[in-house]
Amino acid sequence: MKYLLLSAFFFLGFVPSEQDKNLLSYKNCFDNELKEWVATFDNFNLSSFNVKDTVAFDGDYEQDSNYLKTFLDIYKPIITYSPDSTLFIDIYSYQLNLEKNGKYYYASPDIDQAILLFDNQKKYWNRIYFGTNSRWIDEVIWVSCNEFIMVGITKNLEDKKTPLILIGNVDKRTMLMYMTSDQNCFQTDTGYSSYKLKHINIKGL
(Lines give C-alpha, C1' and ligand atoms only; values in the text may rest on other atoms or scores of the structure.)
Protein backbone atom coordinates (compact mmCIF):
# COMPACT_ATOMS: atom_id res chain seq x y z
CA MET A 1 0.00 0.00 0.00
CA LYS A 2 2.89 2.34 0.84
CA TYR A 3 4.39 1.86 -2.63
CA LEU A 4 1.01 2.35 -4.34
CA LEU A 5 0.53 5.68 -2.58
CA LEU A 6 4.04 6.76 -3.50
CA SER A 7 3.46 5.84 -7.14
CA ALA A 8 0.16 7.70 -7.18
CA PHE A 9 1.88 10.76 -5.72
CA PHE A 10 4.34 10.94 -8.62
CA PHE A 11 1.69 10.03 -11.21
CA LEU A 12 -0.55 12.90 -10.11
CA GLY A 13 2.37 15.27 -10.44
CA PHE A 14 5.00 16.29 -7.95
CA VAL A 15 4.97 20.03 -7.26
CA PRO A 16 8.53 21.15 -6.50
CA SER A 17 9.30 23.39 -3.58
CA GLU A 18 10.66 26.87 -4.29
CA GLN A 19 14.12 25.60 -3.48
CA ASP A 20 13.80 23.12 -6.35
CA LYS A 21 12.64 25.64 -8.95
CA ASN A 22 14.64 25.58 -12.15
CA LEU A 23 15.38 28.87 -13.89
CA LEU A 24 14.52 27.26 -17.23
CA SER A 25 10.86 27.91 -16.39
CA TYR A 26 11.69 31.62 -16.83
CA LYS A 27 13.54 31.12 -20.12
CA ASN A 28 11.08 33.29 -22.05
CA CYS A 29 11.94 36.27 -19.83
CA PHE A 30 15.67 35.83 -20.38
CA ASP A 31 15.14 35.41 -24.13
CA ASN A 32 13.12 38.63 -24.37
CA GLU A 33 13.02 41.38 -21.71
CA LEU A 34 16.38 40.35 -20.23
CA LYS A 35 18.19 39.35 -23.42
CA GLU A 36 20.36 42.50 -23.51
CA TRP A 37 21.54 41.78 -19.97
CA VAL A 38 22.21 38.13 -20.84
CA ALA A 39 24.25 39.22 -23.87
CA THR A 40 26.78 40.98 -21.62
CA PHE A 41 27.99 37.63 -20.26
CA ASP A 42 30.26 34.98 -21.76
CA ASN A 43 29.04 31.37 -21.39
CA PHE A 44 25.64 32.32 -19.94
CA ASN A 45 23.39 29.26 -19.56
CA LEU A 46 20.28 29.11 -17.35
CA SER A 47 20.77 25.40 -16.71
CA SER A 48 24.00 26.16 -14.83
CA PHE A 49 22.22 28.21 -12.13
CA ASN A 50 21.32 26.86 -8.71
CA VAL A 51 19.58 28.32 -5.66
CA LYS A 52 22.18 29.57 -3.20
CA ASP A 53 20.01 31.29 -0.63
CA THR A 54 16.57 32.57 0.31
CA VAL A 55 16.71 36.30 0.98
CA ALA A 56 14.03 38.07 3.03
CA PHE A 57 12.93 41.58 2.11
CA ASP A 58 15.03 44.07 4.07
CA GLY A 59 12.21 46.28 5.36
CA ASP A 60 14.75 48.68 6.84
CA TYR A 61 14.24 51.91 4.87
CA GLU A 62 10.57 52.88 5.06
CA GLN A 63 9.51 55.79 2.84
CA ASP A 64 7.07 58.57 3.66
CA SER A 65 3.89 58.22 1.60
CA ASN A 66 3.65 62.02 1.46
CA TYR A 67 6.82 61.92 -0.65
CA LEU A 68 5.24 59.74 -3.36
CA LYS A 69 4.11 62.54 -5.70
CA THR A 70 7.51 64.27 -5.56
CA PHE A 71 9.20 60.92 -6.16
CA LEU A 72 7.04 60.11 -9.20
CA ASP A 73 7.65 63.55 -10.71
CA ILE A 74 11.30 62.56 -11.03
CA TYR A 75 11.49 58.77 -11.27
CA LYS A 76 8.24 57.61 -12.89
CA PRO A 77 9.81 57.14 -16.38
CA ILE A 78 12.39 54.68 -15.02
CA ILE A 79 10.58 52.71 -12.30
CA THR A 80 9.15 49.28 -13.12
CA TYR A 81 5.42 48.69 -12.58
CA SER A 82 3.66 45.38 -12.04
CA PRO A 83 1.20 44.30 -14.78
CA ASP A 84 -1.75 45.73 -12.83
CA SER A 85 0.18 48.92 -11.89
CA THR A 86 -0.52 48.49 -8.16
CA LEU A 87 3.16 47.89 -7.35
CA PHE A 88 6.45 49.21 -8.57
CA ILE A 89 10.11 48.47 -7.98
CA ASP A 90 12.70 51.23 -7.97
CA ILE A 91 16.35 50.28 -8.47
CA TYR A 92 17.66 53.75 -9.30
CA SER A 93 16.62 56.55 -6.94
CA TYR A 94 18.99 55.82 -4.05
CA GLN A 95 21.99 55.18 -6.28
CA LEU A 96 21.49 57.96 -8.86
CA ASN A 97 19.95 60.61 -6.56
CA LEU A 98 18.46 62.56 -9.46
CA GLU A 99 17.43 66.18 -9.61
CA LYS A 100 15.21 67.37 -12.44
CA ASN A 101 15.83 70.68 -14.18
CA GLY A 102 13.70 71.22 -17.26
CA LYS A 103 14.21 68.34 -19.67
CA TYR A 104 17.43 67.20 -18.01
CA TYR A 105 18.12 65.06 -14.95
CA TYR A 106 21.30 65.57 -12.94
CA ALA A 107 22.80 62.64 -11.06
CA SER A 108 24.85 62.57 -7.86
CA PRO A 109 25.74 58.85 -7.87
CA ASP A 110 26.26 56.75 -4.76
CA ILE A 111 28.25 53.50 -4.70
CA ASP A 112 25.47 51.74 -2.76
CA GLN A 113 22.02 50.80 -4.05
CA ALA A 114 18.74 50.53 -2.14
CA ILE A 115 16.03 48.59 -4.01
CA LEU A 116 12.55 49.83 -3.07
CA LEU A 117 9.15 48.17 -3.45
CA PHE A 118 5.91 50.18 -3.41
CA ASP A 119 2.62 48.33 -2.84
CA ASN A 120 -0.39 50.62 -3.13
CA GLN A 121 -2.87 48.08 -1.75
CA LYS A 122 -0.86 47.20 1.35
CA LYS A 123 0.52 50.72 1.76
CA TYR A 124 4.00 49.24 1.82
CA TRP A 125 6.95 51.30 0.60
CA ASN A 126 10.23 50.01 1.86
CA ARG A 127 13.59 48.54 0.95
CA ILE A 128 13.69 44.92 -0.18
CA TYR A 129 17.38 44.63 -1.08
CA PHE A 130 20.62 46.54 -0.58
CA GLY A 131 23.35 46.52 -3.21
CA THR A 132 27.00 47.48 -2.76
CA ASN A 133 29.95 48.19 -5.04
CA SER A 134 30.65 44.44 -5.15
CA ARG A 135 27.07 43.23 -5.65
CA TRP A 136 24.35 45.21 -7.38
CA ILE A 137 21.20 44.96 -9.49
CA ASP A 138 21.28 45.85 -13.20
CA GLU A 139 17.64 45.26 -14.19
CA VAL A 140 14.21 44.25 -12.90
CA ILE A 141 11.08 42.90 -14.61
CA TRP A 142 7.72 41.60 -13.40
CA VAL A 143 6.71 38.03 -14.22
CA SER A 144 3.22 38.44 -12.74
CA CYS A 145 1.39 40.75 -10.34
CA ASN A 146 3.12 38.95 -7.48
CA GLU A 147 6.45 37.74 -8.86
CA PHE A 148 9.46 39.60 -10.23
CA ILE A 149 12.99 38.94 -11.45
CA MET A 150 15.97 41.09 -10.52
CA VAL A 151 19.29 40.49 -12.26
CA GLY A 152 22.72 41.90 -11.59
CA ILE A 153 26.28 40.95 -10.76
CA THR A 154 28.47 39.92 -7.88
CA LYS A 155 32.26 40.29 -7.97
CA ASN A 156 34.48 37.32 -7.21
CA LEU A 157 37.86 37.39 -5.50
CA GLU A 158 39.51 38.29 -8.81
CA ASP A 159 37.13 41.24 -9.23
CA LYS A 160 35.40 39.56 -12.16
CA LYS A 161 31.64 40.08 -12.43
CA THR A 162 29.52 36.92 -12.27
CA PRO A 163 25.72 36.88 -12.83
CA LEU A 164 23.29 37.21 -9.95
CA ILE A 165 19.57 36.37 -10.31
CA LEU A 166 16.86 36.96 -7.72
CA ILE A 167 13.29 35.65 -8.09
CA GLY A 168 11.06 37.63 -5.75
CA ASN A 169 7.63 36.87 -4.31
CA VAL A 170 5.72 39.86 -2.95
CA ASP A 171 3.26 37.85 -0.81
CA LYS A 172 6.02 35.83 0.84
CA ARG A 173 8.39 38.82 1.00
CA THR A 174 11.30 36.63 0.01
CA MET A 175 13.63 36.19 -2.94
CA LEU A 176 15.40 33.08 -4.19
CA MET A 177 19.01 33.87 -5.02
CA TYR A 178 20.49 31.98 -7.98
CA MET A 179 24.16 31.85 -8.97
CA THR A 180 25.91 29.98 -11.74
CA SER A 181 28.18 26.99 -11.25
CA ASP A 182 30.00 27.80 -14.51
CA GLN A 183 33.39 29.19 -13.53
CA ASN A 184 33.80 30.76 -16.97
CA CYS A 185 30.64 32.88 -16.93
CA PHE A 186 31.66 36.53 -16.55
CA GLN A 187 30.25 39.89 -17.60
CA THR A 188 32.20 41.73 -20.26
CA ASP A 189 34.11 44.90 -19.40
CA THR A 190 31.47 47.10 -21.02
CA GLY A 191 28.87 45.87 -18.53
CA TYR A 192 25.16 46.55 -18.85
CA SER A 193 23.25 49.79 -19.35
CA SER A 194 19.48 49.56 -18.88
CA TYR A 195 17.23 50.59 -21.75
CA LYS A 196 15.00 52.27 -19.14
CA LEU A 197 17.61 54.94 -18.45
CA LYS A 198 17.34 55.98 -22.08
CA HIS A 199 13.85 57.28 -21.32
CA ILE A 200 15.33 60.39 -19.71
CA ASN A 201 18.34 62.67 -20.31
CA ILE A 202 20.75 62.15 -17.41
CA LYS A 203 23.87 64.21 -16.85
CA GLY A 204 26.57 63.38 -14.34
CA LEU A 205 26.91 59.62 -14.90
Side-chain angles (χ1 to χ4, degrees), residues 18-58 60-61 75 78-80 89-98 105 107-117 127-143 147-169 174-200 202-205:
E18 285 199 320
Q19 291 289 344
D20 296 322
K21 272 190 176 180
N22 191 306
L23 277 183
L24 289 175
S25 61
Y26 301 96
K27 185 176 184 301
N28 185 59
C29 298
F30 289 89
D31 287 346
N32 292 280
E33 298 103 313
L34 298 172
K35 67 179 180 180
E36 292 185 13
W37 177 79
V38 170
T40 65
F41 292 90
D42 294 325
N43 301 307
F44 187 95
N45 191 328
L46 285 179
S47 62
S48 71
F49 284 81
N50 299 297
V51 175
K52 293 300 181 182
D53 199 3
T54 299
V55 183
F57 287 7
D58 277 359
D60 195 30
Y61 192 64
Y75 295 101
I78 57 174
I79 59 180
T80 305
I89 293 177
D90 159 42
I91 67 174
Y92 298 117
S93 64
Y94 186 97
Q95 188 175 44
L96 296 183
N97 191 25
L98 296 177
Y105 295 76
S108 301
D110 194 300
I111 60 172
D112 293 326
Q113 179 188 40
I115 309 297
L116 302 174
L117 169 69
R127 190 174 76 193
I128 58 174
Y129 187 78
F130 190 75
T132 66
N133 63 346
S134 62
R135 176 177 287 183
W136 66 79
I137 299 301
D138 283 327
E139 191 61 87
V140 57
I141 66 168
W142 288 91
V143 179
E147 191 176 39
F148 59 87
I149 302 176
M150 296 199 303
V151 295
I153 66 94
T154 183
K155 292 183 179 179
N156 65 13
L157 295 177
E158 298 174 348
D159 217 32
K160 291 184 176 180
K161 293 179 285 186
T162 61
L164 170 69
I165 299 173
L166 295 164
I167 307 294
N169 186 295
T174 59
M175 293 174 285
L176 292 179
M177 178 185 290
Y178 292 80
M179 300 185 74
T180 182
S181 60
D182 189 335
Q183 298 182 3
N184 295 308
C185 183
F186 301 114
Q187 193 174 55
T188 59
D189 293 337
T190 54
Y192 173 79
S193 179
S194 175
Y195 64 91
K196 293 170 188 171
L197 293 179
K198 297 175 183 177
H199 293 166
I200 58 178
I202 302 177
K203 295 182 179 293
L205 290 181

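- Here CD1 of Ile202 is found 5.5 Å from CG of Leu96. Values are rounded to the nearest 0.5 Å.
- Note that the NZ atom of Lys27 and the CG atom of Asn32 stand 9.0 Å from one another [nearest 0.5 Å].
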Set out, in order, the CA-CA distance, both residues' side-chain angles and the distance that settles side chain to side chain contact (heavy atoms under 4.5 Å, CB included) for Leu164 and Ile153, then state yes or no. CA-CA 5 Å; Leu164 170 69; Ile153 66 94; 5.7 Å; no

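- Residues Asn156 and Phe186 come closest through the heavy atom pair ND2-CE2, 3.5 Å.
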For residues 134-141, dump all side-chain donor-acceptor pairs below 3.5 Å to protein atoms at least two apart in sequence or in another chain.
residue: Ser134; atom: OG; partner: Thr132; partner atom: OG1; Å: 3.2
residue: Arg135; atom: NE; partner: Thr154; partner atom: OG1; Å: 3.3
residue: Trp136; atom: NE1; partner: Asp138; partner atom: OD1; Å: 3.1
residue: Asp138; atom: OD2; partner: Trp37; partner atom: NE1; Å: 3.1
residue: Glu139; atom: OE1; partner: Tyr192; partner atom: OH; Å: 2.5
residue: Glu139; atom: OE1; partner: Ser194; partner atom: OG; Å: 2.7
residue: Glu139; atom: OE2; partner: Lys196; partner atom: NZ; Å: 2.8

The test is side chain to side chain contact (heavy atoms under 4.5 Å, CB included); show your working for Ile167 and Tyr178 and say whether it passes. CA-CA 8 Å; Ile167 307 294; Tyr178 292 80; 3.6 Å; yes

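- Not less than 6.0 angstrom separates the ring centroid of Phe130 from the ring centroid of Tyr61.
- No side-chain donor-acceptor contact under 3.5 Å links Asp53 to the backbone of Val55.
- Of all non-hydrogen atoms in Trp142 and Thr80, the two that sit nearest each other are NE1-O, 3.0 Å.
- From Leu23, atom CG reaches atom CG of Asn50 across 8.5 Å, with rounding to the nearest 0.5 Å.
- Within the 4.5 Å cutoff, no side-chain heavy atoms of Phe41 are placed close to those of Thr180.
- Residue Ile128 holds its CD1 atom at 4.0 Å from CZ of Phe148, rounded to the nearest 0.5 Å.
- Proximity of a side-chain donor or acceptor of Asp58 to a complementary backbone N or O of Asp60 within less than 3.5 Å is not detected.
- Nearest heavy atoms, Arg127 versus Tyr129: CG-O, 3.3 Å.
- Between Phe49 and Phe44, the ring centre distance stays below 6.0 Å.
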Before you tell me yes or no, could you show the steps for Leu34 and Val151 under side chain to side chain contact (heavy atoms under 4.5 Å, CB included), namely the whole-Å CA-CA distance, both residues' side-chain angles and the distance that decides it to 0.1 Å? CA-CA 8 Å; Leu34 298 172; Val151 295; 4.0 Å; yes

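- In this structure, Ser181 contributes its side chain and Ser48 its backbone to a donor-acceptor pair below 3.5 Å.
- Nearest approach of Asp189 to Lys161, heavy atoms of both residues: O-NZ, 4.4 Å.
- Residues that satisfy the side chain to side chain donor-acceptor pair (under 3.5 Å) test with Asp112, not counting sequence neighbours, are absent from this structure.
- Under the 3.5 Å distance criterion, the side-chain polar atoms of Tyr92 are left unmatched by any main-chain donor or acceptor of Leu98.
- Between Asn184 atom CG and Thr162 atom OG1 the span is 12.0 Å, to the nearest 0.5 Å.
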Ile149 vs Val143, test: side chain to side chain contact (heavy atoms under 4.5 Å, CB included). Steps then yes/no. CA-CA 7 Å; Ile149 302 176; Val143 179; 3.5 Å; yes

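- The OH atom of Tyr195 sits 7.0 Å away from atom CD of Glu33, with the distance rounded to the nearest 0.5 Å.
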